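One structure below.
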2 protein chains.
Amino acid sequence: MISKKVKYAIIALIKLAREHNRGPILIRDIAESEKIPQKFLEAILNDLKHAGILASKKGKGGGYYLLKSPDEVNLATVIRLFDGAIALLPCVTYQYYERCEECKDEETCGIRDVFKEVRDETVELLKAATLSEIIRRESKLERKKQ
Amino acid sequence: MISKKVKYAIIALIKLAREHNRGPILIRDIAESEKIPQKFLEAILNDLKHAGILASKKGKGGGYYLLKSPDEVNLATVIRLFDGAIALLPCVTYQYYERCEECKDEETCGIRDVFKEVRDETVELLKAATLSEIIRRESKLERKKQ
DNA sequence: TATATAATCTACCGAAATTATAGACTTAAT
DNA sequence: ATTAAGTCTATAATTTCGGTAGATTATATA
């Protein structure tokens with residue numbers, strides 16, 4: 001499962017992507033419209049800023065806005081930022097690699113082999129899931145519904 | 001990430017699958033050869049027994065053994081047994097479904113749509129990963145290595 | 001320059017989950 | 001009767017998660 005942090009981050013990012021290039025949005029507005037605890041969201045948006053995805057402006061008329069384009073931000077990046085590795089085992093991650101203590105030979109481990117495949121598939125799908133793509137999907141689902 | 005419980009469970013199951021139909025194996029032997037804390041492993045094997053995957057025999061000459069055939073036991077089942085849902089969001093699980101509070105309309109949620117795809121792919125790969133299949137892969141990787 | 005506004009930083013907190021361990025109890029073989 | 005093995009219950013240490021509080025800093029504007 002992804003953490004609430006990631007879920008909130010994605011929701012906030014989608015909101016900011018929809019308002020892309022329309023000036024800064026208040027944390028409070030996002031928190032209220034998306035029903036996210038405000039103080040919690042503050043920390044999340046700040047992290048996204050430090051990651052170079054968002055930018056902010058202080059004082060009156062301030063708020064947060066997307067720095068990157070909505071088609072440059074994907075879910076793989078967001079998940080890794082808050083939850084760390086996407087893979088289901090530490091021995092199959094690129095960035096958070098850790099050897100299994102129990103493992104006799106990593107090279108010939110069948111378990112690892114399976115989880116490597118799972119990771120590859122998952123990362124591929126999550127990389128393709130940019131903010132633009134998610135918004136496109138929502139439009140499509142809405143059209144389908146009517 | 002999967003829990004240590006699942007990792008230990010898989011390792012123990014592979015071990016038992018390799019010894020399939022050769023009588024009961026001691027918890028202690030599995031714990032030692034696979035470097036798993038014995039008391040922890042006891043609980044895990046007991047859970048696998050209650051799930052109908054293993055059976056046990058008490059007293060001298062006792063131990064655990066596979067009840068199901070190695071090609072009937074897959075990783076999706078094992079993960080669900082200990083860690084619960086495989087999906088990354090509660091709103092895309094079959095067996096552990098929970099509605100997102102923040103969600104305005106589940107039917108048209110683009111985030112959900114993406115994570116549903118991820119789940120489908122993951123479950124498919126994990127279901128195909130039976131104990132037999134994992135052992136087959138290990139042989140293959142060993143041949144490849146030489 | 002004072003004031004209001006809004007993000008930022010630091011610290012903390014409680015609950016739950018995770019990863020175990022200890023020890024008494026039950027069952028079965030010899 | 002004795003020994004060997006799994007089973008059950010309770011507990012404990014540690015970590016993670018989700019969230020809160022409050023002081024501080026930066027900025028717009030009147």
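These numbers were taken from a predicted model, which means no experiment stands behind them. Only this structure's heavy atoms are used, side chains among them; waters, hydrogens and symmetry mates stay out. Sequence lines set the chain letters: A, B, ... in the order given, protein chains first and strands last, and positions in each chain run from 1.
Between A:Arg112 and A:Glu107 there is no salt bridge, since no side-chain N of the basic residue sits under 4.0 Å from a carboxylate O of the acidic one. Between B:Arg137 and B:Glu133 there is a salt bridge, with a side-chain nitrogen of the basic residue lying less than 4.0 Å from a carboxylate oxygen of the acidic one.
Between the side chains of B:Lys145 and A:Thr108, no donor-acceptor pair of N or O atoms lies under 3.5 Å. Judged purely by distance below 3.5 Å, without hydrogens or angles, the side chains of A:Ser3 and A:Asp83 pair a donor atom with an acceptor atom.
Residue A:Lys4 is in sugar-phosphate contact alone, with no base atom involved, counting any heavy-atom pair closer than 4.0 Å across all strands shown. Residue contacts shown for B:Leu26 are limited to sugar-phosphate atoms, with no base heavy atom under 4.0 Å away. Residue A:Ile27 is in sugar-phosphate contact alone, with no base atom involved, counting any heavy-atom pair closer than 4.0 Å across all strands shown.
Residue B:Lys60 places none of its side-chain N or O atoms closer than 4.0 Å to OP1 or OP2 of D:dT2. Between B:Asn46 and D:dG6 there is no side-chain N or O to OP1 or OP2 distance below 4.0 Å. Put simply, A:Tyr8 has a side-chain N or O that comes within less than 4.0 Å of OP1 or OP2 on D:dG19.
Rounded to a whole Å, the CG atom of B:Asp83 is 15 Å from the C1' atom of C:dA16. What separates CD1 of A:Ile44 from P of C:dC9 is a distance of 16 Å, to the nearest Å. Rounded to an integer number of Å, the gap from NE2 of B:His50 to P of D:dT9 is 10 Å. Going from atom NZ of B:Lys58 over to atom P of D:dT2 covers 21 Å, rounded to whole Å. In this structure, A:Arg28 places its CZ atom 8 Å from C1' of C:dA6, rounding to the nearest Å. Atom pair B:Asp47:CG and D:dT9:P shows a separation of 13 Å (rounding to whole Å applied). Residue A:Asp29 contributes atom CG, which lies 14 Å from atom P of C:dT5 at whole-angstrom precision. The NZ-P distance, from A:Lys57 to D:dA26, rounds to 15 Å in whole Å.
In this structure, A:Arg119 forms a cation-pi arrangement with A:Tyr94, its terminal cationic atom sitting closer than 6.0 Å to the ring centre and no more than 45° off the ring axis.
Side-chain atoms of B:Ser3 lie closest to C:dT19 of the nucleotides C:dT19, C:dA7, D:dT20. Closest approach to the B:Lys39 side chain among D:dA23, D:dG6, C:dT21 is made by C:dT21 (side chain taken as heavy atoms from C-beta onward).
Nearer the 5' end of DNA chain C, as judged by each residue's closest nucleotide, is the contact made by B:Phe82, out of B:Glu42 and B:Phe82.
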